[in-house]
Amino acid sequence: MAEPVFALIDCNSFYASCERVFRPDLLRVPIVVLSNNDGCVIARSADAKPFVKMGEPYHQIRGKLERNGVLAFSSNYALYGDISERVMTVIESLVPALEVYSIDEAFADMTGIDNRDKLGREIRAKVLKLTGIPTCVGIAQTKTLAKLANHGAKKWQKHYGGVMDICDPERRDKLLKALPVGEVWGVGRRMNEHLTAMGIKTAWDLAQADAWTLRKQFSVVIEKTARELRGVSCLALEETAPAKQEICSSRAFGHRLHEMEPIKEAVATYAARACEKLRAQGSLCKRIRVAIRTGMFNPDEAKFAKGIVCELPYPSDDTRLIVRAALKGLEAIFRPGHAYAKAEIMLLDLRQQGEFTDDLFAEVQPAAAEKVMSLLDEINGRWGRGTLRPARVPGTPGWGMKRELKSPSYSTKWDELWRVGGR
DNA sequence: TCTGGGGTCCTAGGACCC
DNA sequence: TCTGGGGTCCTAGGACCC
């Protein structure tokens with residue numbers, strides 16, 4: 001069997017490029033795209049990069065951007081999603097297999113293809129022509145190396161023409177030695193600190209490190225990363241995205257909320273959105289988590305954060321049930337006197353429909369709905385139990401207090417529900 | 001009177017990604 | 001004044017059982 005070869009196709013400054021597709025007059029004007037509520041910068045065109053860092057709060061750099069003629073856009077995710085689909089369709093028509101990894105990048109299978117460089121250039125040209133989006137392509141024996149090659153293709157775009165193939169070991173090692181370990185896919189800020197302290201400074205150093213030691217000291221994730229850097233493929237191409245195991249819907253309010261009523265509205269909206277996603281992938285959810293918190297950045301603002309997990313009476317994708325449970329949870333955690341900035345809903349313990357057949361309550365669902373809801377009230381009543389302990393939030397001593405919950409055991413709840421269900 | 005310890009399940013939270 | 005919104009995976013440690 002031929003040795004696998006992966007290509008990573010990544011759109012350049014994707015959101016900014018999308019805005020330019022509809023505003024060709026901005027091709028030579030530096031632009032940035034802002035997050036929800038125009039909070040911070042989440043995309044920069046290449047010519048805007050010298051003026052602003054990724055993630056910088058907009059209100060802090062607004063003046064600087066204006067002085068330098070950088071235009072700012074509010075984000076338009078519907079547009080980006082639409083353009084992304086078109087980009088992926090074009091790439092898909094050119095390669096044997098494709099894994100869409102995120103809104104702006106995809107892994108392609110290039111195993112057994114002779115002229116990879118030519119194919120890479122063809123992909124770039126066709127995507128640009130048909131969608132207006134510029135891309136870069138990295139090619140290598142593993143996904144992690146392909147990411148790194150893509151990084152190189154972007155960094156030295158003029159030299160390589162946007163396509164970098166590091167299947168040749170000599171070329172690969174040269175690139176590994178040139179890039180700091182922090183640029184490696186899977187090495188974030190904390191891991192970078194740890195590795196640097198150990199003397200592992202470049203991607204090459206990590207590739208040489210002892211896998212077993214890495215596993216023992218950190219985790220299997222970083223071990224795999226090191227193996228992949230050596231050219232041993234540990235991550236396969238996944239053409240069909242597996243169903244999500246958690247679904248989250250959260251948002252900052254944009255301004256501070258002090259009362260429960262408007263927060264209830266937000267929580268209900270987020271819960272409904274999460275339910276839509278849940279049904280779209282044909283799953284049921286067994287538990288939900290609802291959480292609220294105050295702002296995180298203003299040192300003068302009192303901090304408070306609390307979340308709660310609630311087991312649903314039965315696995316469900318029913319918006320009404322889930323919204324009601326979420327609101328019950330909110331009532332349990334809400335404390336007056338705080339300036340709330342954000343709420344979050346998470347759907348947990350997801351499984352495909354049909355996987356719950358062993359669950360007792362699949363049968364009693366419809367008939368017992370109302371009774372079950374009142375039982376939920378009782379269960380919520382017990383959420384008050386437990387002891388208080390300081391929440392562990394790094395770097396912020398005294399950050400809020402979190403209630404340590406002692407939830408009733410599964411068996412207790414299920415037994416009671418069983419009776420409610422009339423059996 | 002003496003007052004175990006191993007296995008497993010569950011949760012919270014860290015770290016990472018885009 | 002104003003600081004995103006999703007996700008994934010892993011681990012430590014508590015709870016619980018025998």
Side-chain angles (χ1 to χ4, degrees), chain A residues 8 10-11 13-15 33-43 53-62 72 74-75 77 80-81 84 100-106 143-144 147 150 182 184-195 215-225 235 238 241-256 270 273-274 277 281 286-287 289 291 293-301 305-309 311 339 341-350 386-387 389 391-395 402-411:
Chain A
L8 177 69
D10 190 314
C11 300
S13 311
F14 182 57
Y15 295 171
V33 176
L34 307 172
S35 66
N36 181 39
N37 301 320
D38 289 349
C40 52
V41 174
I42 53 171
K53 283 193 287 245
M54 199 65 169
E56 265 194 290
Y58 180 50
H59 68 95
Q60 283 176 9
I61 50 153
R62 193 175 186 157
S74 297
S75 43
Y77 290 102
Y80 310 151
S84 170
V100 177
Y101 176 70
S102 76
I103 194 164
D104 73 334
E105 50 186 311
K143 281 181 163 182
T144 305
K147 283 282 272 193
N150 187 281
V184 174
W185 189 36
V187 178
R189 187 176 51 86
R190 294 303 299 270
M191 190 55 66
N192 189 19
E193 285 170 17
H194 278 126
L195 294 175
R215 182 184 197 133
K216 206 174 55 161
Q217 199 157 356
F218 303 108
S219 73
V220 299
V221 183
I222 195 74
E223 183 202 352
K224 277 188 192 171
T225 300
L235 306 167
E238 290 175 23
K244 302 217 184 317
Q245 298 172 28
E246 300 173 355
I247 289 174
C248 175
S249 176
S250 76
R251 202 136 310 164
F253 299 134
H255 56 101
R256 298 289 184 260
Y270 304 166
R273 280 198 57 225
K277 296 185 204 169
Q281 68 167 31
K286 215 171 166 186
R287 291 182 309 152
R289 179 182 145 87
R293 66 185 314 149
T294 57
M296 283 177 281
F297 301 99
N298 186 345
D300 302 327
E301 206 176 324
K306 202 181 279 285
I308 197 169
V309 174
E311 171 139 1
K342 191 175 179 180
E344 170 184 313
I345 289 283
M346 284 195 90
L347 307 185
L348 307 166
D349 287 355
L350 308 190
T387 52
R389 67 174 168 82
R392 277 186 284 164
V393 176
K402 190 167 61 87
R403 186 175 291 275
E404 199 172 354
L405 294 159
K406 226 176 152 60
S407 60
S409 73
Y410 281 96
S411 53

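Computed from a predicted structure; not experimentally measured. In the text below, chain A, chain B and the rest are named by the order of the sequence lines, each starting its count at 1. Quick note: numbers below take in every heavy atom, side chains included, and nothing from hydrogens, waters or symmetry partners.
The side-chain heavy atoms of A:Q281 and A:L350, taken from C-beta on, include a pair separated by under 4.5 Å. Looking at A:D104 and A:Y15, their side chains never come closer than 4.5 Å, going by heavy atoms from C-beta outward.
A sub-4.0 Å separation between OP1 or OP2 of B:dC18 and a side-chain N or O of A:K147 is present. Distances shorter than 4.0 Å separate some side-chain N or O of A:K277 from OP1 or OP2 on C:dG7. OP1 and OP2 of B:dA12 both lie 4.0 Å or more from every side-chain N or O belonging to A:R289.
Rounded to whole Å, atom P of C:dT1 lies 15 Å from atom CZ of A:R62. With rounding to whole Å, A:K216 atom NZ is found 14 Å from C:dT11 atom P. Taking atom CG on A:N150 and atom P on B:dC18, their separation rounds to 10 Å, with Å as the unit. The CG-C1' distance, from A:L235 to C:dT8, rounds to 13 Å in whole Å. The nearest whole Å value for the distance from the CD atom in A:E246 to the P atom in B:dG13 is 14 Å. Rounded to an integer number of Å, the gap from A:M191 CE to C:dC9 P is 17 Å. When rounded to the nearest whole Å, the span between CG of A:N36 and P of C:dG5 equals 4 Å.
A:V33 comes within 4.0 angstrom of nothing in the nucleic acid, heavy atoms only. Counting non-hydrogen atoms under 4.0 angstrom, A:Y77 reaches nothing in the nucleic acid. Nucleic acid contact class of A:L34 (heavy atoms, under 4.0 Å, all strands): none. Backbone-only contact: A:Q245 has heavy atoms under 4.0 Å from sugar-phosphate atoms and none from a base. At the heavy-atom level, A:R215 lies nowhere under 4.0 Å from the strands shown. Looking at heavy-atom distances under 4.0 Å, A:D38 makes no contact with the nucleic acid at all. Among the heavy atoms of the strands, none lies under 4.0 Å from A:E344. Using a 4.0 Å heavy-atom distance criterion, A:R189 is classed as a sugar-phosphate-only contact. Within the 4.0 angstrom heavy-atom criterion, only backbone atoms of the sugar-phosphate kind lie near A:S249; the bases stay farther away.
Listed candidates were C:dG7, B:dC18, B:dA15. Nearest to the side chain of A:E105 is B:dC18. In the set C:dT3, C:dG5, B:dC18, the nucleotide with an atom closest to the side chain of A:K342 is C:dG5. For A:K244, counting side-chain heavy atoms from C-beta on, the closest listed nucleotide (C:dT3, C:dG5, C:dT8) is C:dT8. Candidate nucleotides C:dC10, C:dG7, C:dG6 were compared by shortest atom distance to the side chain of A:S250, and C:dG6 ranks first. Nearest to the side-chain atoms of A:C40 among the listed nucleotides B:dC18, B:dT11, C:dG4 stands C:dG4. Taking only side-chain atoms of A:S219, from C-beta outward, the nucleotide of C:dT11, B:dC17, B:dC16 with the closest atom is C:dT11. The A:Y101 side chain lies nearest to B:dC17 when the options are B:dC17, C:dG7, C:dT3. When distances run from any side-chain atom of A:C248 to the nucleotides C:dG4, C:dT8, C:dG7, the shortest one goes to C:dG7. Here the nucleotide nearest the side chain of A:R190, chosen from C:dG5, B:dA15, B:dC18, is B:dA15.
Distance CD/A:E246 to CE/A:M346: 4.0 Å, rounded to 0.5 Å.
In summary, A:E105 and A:K147 engage in a salt bridge, as defined by a charged side-chain N under 4.0 Å from a carboxylate O.
Nucleotides of DNA chain C nearest to A:H255 and A:R251 differ in position, and the one nearer the 5' end is that of A:H255. Residues A:I42 and A:V220 both approach DNA chain C. Their nearest nucleotides, taken by heavy-atom distance, put A:I42 toward the 5′ side.
Closest heavy-atom contact between A:K143 and A:W185: CB-CZ3, 3.8 Å. Of all heavy-atom pairs between A:S84 and A:I103, the closest is OG-O, 2.7 Å. Minimum heavy-atom separation, A:A106 to A:V100: CB-CA, 4.1 Å.
Base pairing analysis places B:dC18 opposite C:dG5; the two distances defining the Watson-Crick or G-U wobble pair are each below 3.5 Å.
Comparing C:dC18 with B:dC2, their P atoms are spaced 27 Å from each other, to the whole Å.
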